[in-house]
There are 2 protein chains.
Amino acid sequence: MSNITLISVGTELLTSKTNTTINYIAERLASLGLGLKKAITVSDDQNYLTEIVKKEIQQNSLILITGGLGPTFDDITVRAVAAALDKSLTLNRQVLSHISKYFLSHNQEMPKSAEQQAYMIEGARVILNSAGTAPGQIIELTRPKCCLILLPGPPAETAAVWESEIHQFLEKFRAGISKTLVLHLYGLSEPEVDNKIRPIIQTNQKQASFTILYHLGITDIRITVRETDELLADDTLHKLENEFRQLFGQQIYGINRETLVAVVGQMLVRQKKTLAVAESCTGGLLATRITNVAGSSLYFLGGIVAYSNRVKKEMLEVDEEILDKFGAVSKECAAAMAGGLYRRLPADYCLSITGYAGPAAKTDEKPIGLTFVGLKDSSGTIVESRKFSGNRLAIREQIVNLALNLVYQKLQKIK
Amino acid sequence: MSNITLISVGTELLTSKTNTTINYIAERLASLGLGLKKAITVSDDQNYLTEIVKKEIQQNSLILITGGLGPTFDDITVRAVAAALDKSLTLNRQVLSHISKYFLSHNQEMPKSAEQQAYMIEGARVILNSAGTAPGQIIELTRPKCCLILLPGPPAETAAVWESEIHQFLEKFRAGISKTLVLHLYGLSEPEVDNKIRPIIQTNQKQASFTILYHLGITDIRITVRETDELLADDTLHKLENEFRQLFGQQIYGINRETLVAVVGQMLVRQKKTLAVAESCTGGLLATRITNVAGSSLYFLGGIVAYSNRVKKEMLEVDEEILDKFGAVSKECAAAMAGGLYRRLPADYCLSITGYAGPAAKTDEKPIGLTFVGLKDSSGTIVESRKFSGNRLAIREQIVNLALNLVYQKLQKIK
């Protein structure tokens with residue numbers, strides 16, 4: 001197996017919409033021991049796409065193309081690929097019937113334009129789409145030897161078609177075993193992690209490759225091993241994981257798809273504890289992250305978005321005096337918010353957040369990014385303070401991670 | 001000016017991290033009348049990047065390369081590009097001093113590894129980075145005639161370097177005037193919009209190009225005109241905007257960067273009204289969207305995340321009887337939540353949300369995606385219901401858009 005290239009089609013991906021399909025495809029390929037060499041994003045320009053496909057089939061043995069299979073005038077992928085391969089298009093009755101059934105089951109009339117999606121490239125194997133109307137197509141060329149796979153663009157549909165038959169089909173390309181482990185750490189900077197892990201990297205650079213990524217308070221260490229044998233790959237990865245765990249201890253809060261918020265949730269479930277939150281500057285973001293996790297109703301009671309002082313006073317019992325004397329962004333206010341929440345909504349752990357997320361500067365003493373996070377439980381109240389940098393959204397995300405880490409540390413001590 | 005290609009470097013962009021820089025660069029280029037032909041995303045593989053740069057300089061007149069300029073071992077862009085151009089690297093004293101000052105101003109010791117970032121490609125024009133340590137570099141080749149621009153990868157740093165000198169530098173490439181207008185609509189499907197606008201497209205396809213994008217209840221129509229003259233471009237765009245507004249009326253809630261949540265906020269400010277929210281299944285997402293907007297404290301009082309029935313009863317005064325008889329996901333409960341919020345936190349508009357975001361199915365009568373949104377004001381209470389599809393996160397986003405549209409419609413009537 002030589003090169004694999006992903007081509008994402010869609011003008012919106014070169015303007016306002018971010019391309020998340022690259023990440024999905026790369027991870028699914030990795031599970032087959034296959035690596036994406038590059039990902040090309042192009043606009044809905046039929047002739048240009050034709051030109052790119054002509055070039056790429058000369059240099060790749062597998063090309064995945066997502067998007068542009070819809071019913072509207074700007075969906076040009078099928079026509080562009082057919083032209084690049086010099087193949088014709090024919091109406092596929094099975095696909096047409098699938099599309100009309102899809103509209104029927106959604107109580108909608110099938111628009112005339114949807115018929116366009118039933119035209120398949122000559123010789124293509126058709127993969128029906130259980131999540132939408134546009135089918136996937138597999139075209140195997142012999143000269144040049146290259147396999148092209150067309151997938152619908154909406155993420156849910158890409159996944160539906162991929163999981164139904166594409167993944168199984170790609171088994172034949174499987175090349176050795178590649179396994180990846182990602183370790184997540186909170187509270188260290190990228191250079192700090194880099195310095196600490198250099199000795200491990202130098203000792204192991206023949207068996208494994210390493211990357212470090214820092215994002216909003218969290219550092220990821222990604223370790224990839226390539227072996228001919230699955231057991232060997234697992235062994236190497238396991239040995240490396242142990243070395244990193246010895247180095248960082250509980251600063252490693254999770255691995256792979258584990259998130260800080262989900263890890264905290266699992267610990268709360270295990271310890272049969274509940275959580276509630278009172279948020280000022282993060283305006284509901286902490287509650288949103290917590291409830292993004294399915295099953296969070298087991299431990300999350302709810303929260304109060306105290307965006308105005310009125311809510312802080314009326315719903316969290318924060319004294320007027322505290323707001324007057326110390327201000328809403330203060331250690332005292334964070335402690336009072338956590339305390340008020342604990343009385344009003346007695347969860348085992350009550351988190352509070354107050355800070356300046358920007359963009360307007362307050363004073364030199366209370367700069368943008370200044371934040372106080374409080375945590376109240378039966379043993380008392382603690383408050384941590386930080387000054388984060390970045391824009392409004394980045395500051396809010398960093399505060400949420402700080403708050404979650406505060407609970408994580410607390411739960412670790414009790415465990 | 002012929003082709004422009006963006007190359008994003010970073011293994012993380014081919015695994016877990018989404019590439020948002022493509023969108024930023026594409027929009028900034030568009031403001032210069034320049035279009036991105038394609039965007040290539042590649043891993044931190046020095047030799048492969050060298051190979052790609054060698055190929056692309058033959059086919060493009062401008063190449064932008066972002067990422068891989070950091071201080072760690074996996075930051076390979078400068079070395080890869082130098083090798084592709086057959087140029088040497090030299091330590092730049094000015095850059096080194098900038099980097100050490102950066103650490104000083106952040107009260108941090110400069111790690112030895114940061115010195116790597118001060119090595120510049122022979123002949124490069126250096127653009128200092130006000131938001132970080134890695135500088136930008138501009139390299140102008142004469143044979144082949146191609147300009148390469150290296151930019152740091154973190155979005156805030158890409159923007160800092162771009163806005164400080166790159167944008168001004170690219171003025172000389174400006175090719176005619178390209179202007180884009182995006183119209184945002186709520187409540188219509190992609191085929192519905194497509195059918196309605198086809199006549200306009202057919203009449204205007206010589207002067208303008210059109211794309212449609214549907215996402216979570218919102219449909220965007222993107223119109224791009226290319227003219228030799230700015231006034232001409234404005235005229236065409238203005239004429240087309242009027243035609244679309246006649247077709248869709250108030251269903252067009254905003255244009256370009258205007259979001260539904262910001263438009264609602266502006267209307268609340270103009271009408272001097274306040275808003276509060278009570279959320280069950282969205283778990284704080286509506287409050288988060290509202291407070292993402294800077295200045296939202298002018299109209300947003302706060303909210304209650306009523307994730308448990310206990311919070312619905314104790315903080316929103318929802319009767320036990322309603323929960324027993326109709327259930328938490330019901331028209332009655334949505335109305336009671338909005339009413340309770342209105343009594344406890346008397347904002348002019350009180351929004352409530354209850355529904356099943358999944359993933360676990362309830363019953364056939366109460367399927368995943370079923371949602372009720374309530375709105376209480378001085379004139380009374382209204383409740384709207386929908387059944388959304390998609391995964392948990394997509395359902396939550398659609399519910400938030402429905403709730404915002406409910407307030408938008410209400411404010412439109414009063415205006």
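Protein chains get the first letters and strands the later ones, always in sequence-line order, with residue 1 at the start of each. The model shown is predicted, which means the values in this text are computed figures rather than measured ones.
Between chain B and the options Ser389(A), Gly302(A), Gly283(A), the largest number of non-hydrogen pairs under 4.5 Å is found for Gly283(A). Interface remark: of the candidates Ala287(A), Ala114(A), Ala39(A), Ala39(A) forms the most heavy-atom pairs closer than 4.5 Å to chain B.
There is no contact between Glu51(B) and chain A, counting heavy-atom distances below 4.5 Å. Contacts of Phe210(B) with chain A are made by both backbone and side-chain atoms, with heavy-atom separations under 4.5 Å. Looking at Asn309(A), neither its backbone nor its side chain comes within 4.5 Å of chain B, counting heavy atoms on both sides. Only the side chain of Ile52(A) comes within less than 4.5 Å of a heavy atom in chain B; its backbone stays farther off. Of the atoms belonging to Asp194(B), it is side-chain heavy atoms, and not backbone ones, that fall under 4.5 Å from chain A. Only the side chain of Arg198(B) comes within contact range of chain A, with heavy atoms under 4.5 Å apart. Contact annotation for Val293(B): only backbone heavy atoms (N, CA, C, O) come within less than 4.5 Å of a heavy atom of chain A. Residue Arg289(B) does not touch chain A at all, counting heavy-atom pairs closer than 4.5 Å. For Leu393(B), the part sitting under 4.5 Å from any heavy atom of chain A is the side chain, from C-beta outward, and nothing else. Proximity to chain A (any heavy atom under 4.5 Å) is restricted, for Glu314(B), to the side chain, taken from C-beta onward. Leu213(B) touches chain A through its side chain: at least one heavy atom from C-beta onward sits under 4.5 Å away, while N, CA, C and O do not. Heavy-atom distances place both the backbone and the side chain of Ala294(B) under 4.5 Å from chain A. In this structure, chain B has heavy atoms under 4.5 Å from both the backbone and the side chain of Ser296(A). For a residue to count as touching a neighbouring chain, one of its non-hydrogen atoms must lie under 4.5 Å from one of that chain's; by this rule Ser113(B) touches chain A with the side chain only. Lys55(B) touches chain A through its side chain: at least one heavy atom from C-beta onward sits under 4.5 Å away, while N, CA, C and O do not. Contacts between Thr11(B) and chain A at a heavy-atom distance below 4.5 Å involve the side chain alone, from C-beta outward. Using a 4.5 Å cut-off between heavy atoms, Asn23(B) touches chain A through backbone and side chain atoms alike.
Under a 4.0 Å N-O distance rule, the pair Lys17(A)/Asp220(B) does not qualify as a salt bridge.
Between Val311(B) and Leu345(A), the shortest heavy-atom contact is CG2-CD1, 3.5 Å.
Inter-residue side-chain proximity for Pro346(B) and Arg310(A) is flagged as met; some heavy-atom pair is nearer than 4.5 Å. Put simply, the side chain of Ile22(B) does not reach to within 4.5 Å of the side chain of Leu13(A), judged on heavy atoms. Phe300(A) has its side chain within reach of Val305(B): a pair of non-hydrogen atoms, C-beta onward, lies under 4.5 Å apart. You'll find the side chain of Glu12(A) stays beyond 4.5 Å of the side chain of Thr211(B), heavy atoms only.
A cation-pi arrangement is present between Lys37(B) and Tyr48(A) under the rule of less than 6.0 angstrom and at most 45 degrees off the ring axis.
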* To do: Walk me through it: do Arg396(B) and Thr291(A) pass the test side-chain hydrogen bond (donor to acceptor under 3.5 Å, both in side chains)?
  => CA-CA 10 Å; Arg396(B) 283 160 53 120; Thr291(A) 58; 3.0 Å; yes
* Can you list the steps and then say if Asn292(A) with Arg392(B) is a side-chain hydrogen bond (donor to acceptor under 3.5 Å, both in side chains)? -> CA-CA 8 Å; Asn292(A) 274 348; Arg392(B) 183 181 170 85; 6.0 Å; no
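Side chains of Thr18(A) and Thr20(B): no donor on one and acceptor on the other come within 3.5 Å.
Here Thr15(B) contributes atom OG1 and Leu36(A) contributes atom CG; the two are 10.5 Å apart, rounded to the nearest 0.5 Å.
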